[in-house]
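Shown next, in structure tokens, is the structure this report addresses.
Being a predicted model, the structure only gives us computed values, none of them experimental.
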Amino acid sequence: MGFRPREPDPQEASRACLPSGVDVSSSALRFLTQQLRRHRRAIGSRWRRLSAGRQALLTLAHLRVGHTYVQLGAGFGIGTTTAYRYVTEAVELLAALAPGLTDVVRTASAKAYLILDGTLLPIDRIAADRPFYSGKHKKHGMNVQVLTDPFGRLLWASAALPGAVHDTRAAREHGIIYALAEADIPCWADKAYRGADGTVRTPCWGRWDTLSAGQQAVNRSHAKIRALFEKAVATLKSWRLLRKLRCSTTRITSIVQAVLTLHLNSSQ
């Protein structure tokens, strides 16, 4: 019989020394390792260059730190193509486990309200790629809609649309406004969602000095609630790969959903 290396414990793998040092939680590493083991058993995968634990660490190094495939290959002693294949496999596996909008709205029906906003994930594109240029942010990127609970905790993230897509249009395309209205869940959003209707509540429209005292008070209260949304954005962008994406735009949705799955399952 040929020699088969021992499957490392995820906590052992978390202490593995990489050139940059990978700051990941042991719960995220354990979760992904378990999912990869199940996946390998389900597809009858034979022995591979990396164990499930090492493949999980490889993937987290890519998502959390933003290591390139060349760096990953060098750090883990595998080829660049193999690193790409392993990361893609794990990302697609995680993305498939991300919660759907219907499930999130059903779970959130017991909450007092939700917070909705969009965030732009910067991408590496040239000026000619107008569909990806956000006039609001003055840069190229992908529009991702995010729902949080009243405390600003990340609940759901949408598929990525080109940055030129307006937030209200994106919310409609994803069915967010309809789903919230059907469940009768109040939702706080900024002025970008003006006209969304349903249960979406936006600030009073107009210049500050033209608003009445009551309208100004409403807008102050609204701003305090919405400020908590920044916690969700910080949660997403703590995964450094999302701070500047250089991959194909067709892969960004899977990456966002993979990060969402890891966050939800490691923060429980």
Side-chain angles (χ1 to χ4, degrees), residues 91-121 131 134 136-137 141-205 218 221-237 239 242 249-268:
V91 165
E92 294 296 335
L93 183 62
L94 289 169
L97 298 173
L101 178 61
T102 302
D103 295 331
V104 169
V105 169
R106 186 186 305 115
T107 303
S109 60
K111 301 184 184 298
Y113 59 87
L114 298 180
I115 304 173
L116 168 66
D117 207 344
T119 186
L120 189 80
L121 301 181
S134 169
K136 176 181 177 181
H137 297 277
M142 299 294 283
N143 180 311
V144 173
Q145 298 293 298
V146 177
L147 283 172
T148 79
D149 69 7
F151 301 99
R153 290 181 296 226
L154 180 63
L155 296 177
W156 179 80
S158 73
L161 293 175
V165 176
H166 191 272
D167 281 336
T168 302
R169 176 185 160 192
R172 287 200 176 105
E173 286 195 21
H174 295 307
I176 301 170
I177 298 170
Y178 175 78
L180 293 172
E182 279 287 292
D184 195 28
I185 301 176
C187 177
W188 265 251
D190 65 16
K191 292 180 180 179
Y193 295 87
R194 182 169 177 252
D197 301 322
T199 57
V200 177
R201 301 178 182 179
T202 58
C204 298
W205 186 260
V218 168
S221 175
H222 195 284
K224 287 180 182 178
I225 292 172
R226 284 196 52 262
L228 294 171
F229 176 80
E230 296 305 319
K231 288 176 60 179
V233 174
T235 296
L236 279 177
K237 294 186 178 179
W239 299 80
L242 296 181
T249 55
T250 60
R251 296 189 59 232
I252 293 176
T253 292
S254 294
I255 292 171
V256 172
Q257 297 300 308
V259 167
L260 175 64
T261 299
L262 285 168
H263 168 70
L264 293 177
N265 286 277
S266 62
S267 60
Q268 292 176 350

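A donor-acceptor pair under 3.5 Å links the side-chain atoms of Thr253 to the main chain of Ala160, judged by distance alone. Of the possible donor and acceptor atoms, none in the side chain of His222 sits under 3.5 Å from a partner among the backbone N and O of Cys204. The backbone N or O of Cys187 sits nowhere less than 3.5 Å from a side-chain atom of Thr199 that would complete a donor-acceptor pair. Formation of a donor-acceptor pair under 3.5 Å by the Thr202 side chain with backbone atoms of Lys191 is not found in this model.
Closest approach of Ile177 to Val200, counting heavy atoms only: CG1-CG2, 4.3 Å. Nearest heavy atom pair, residue Pro131 against residue Pro162, reads O-CB, 3.0 Å. The heavy-atom pair separating Ala98 from Gln257 by the smallest distance is CB-OE1, 3.1 Å.
Every pair passing side-chain hydrogen bond (donor to acceptor under 3.5 Å, both in side chains) that includes a residue from residues 157-169 is listed here, sequence neighbours excluded: Asn143-Asp167, Gln145-Asp167, Ser158-His174, Arg169-Glu173. Sorted by first and then second residue, the pairs that involve residues 91-105 and meet side-chain hydrogen bond (donor to acceptor under 3.5 Å, both in side chains), not counting sequence neighbours, are Glu92-Ser254, Asp103-Arg106. Residue pairs meeting the salt bridge (charged side-chain N to carboxylate O under 4.0 Å, His left out) criterion with at least one partner in residues 108-117, sequence neighbours excluded, are Asp117-Arg226.
For Val233, the side-chain contact (heavy atoms from CB on, under 4.5 Å) criterion is met by Thr119, Phe229, Glu230, Lys237, not counting sequence neighbours. For Tyr113, the side-chain contact (heavy atoms from CB on, under 4.5 Å) partners two or more places apart in sequence, or in a different chain, are Ile115, Pro150, Pro186, Trp188, Ile225. Shown here are the side chain to side chain donor-acceptor pair (under 3.5 Å) partners of Arg251, two or more places apart in sequence or in another chain: Tyr69.
Here Asp149 contributes atom CG and Thr107 contributes atom OG1; the two are 12.0 Å apart, rounded to the nearest 0.5 Å.
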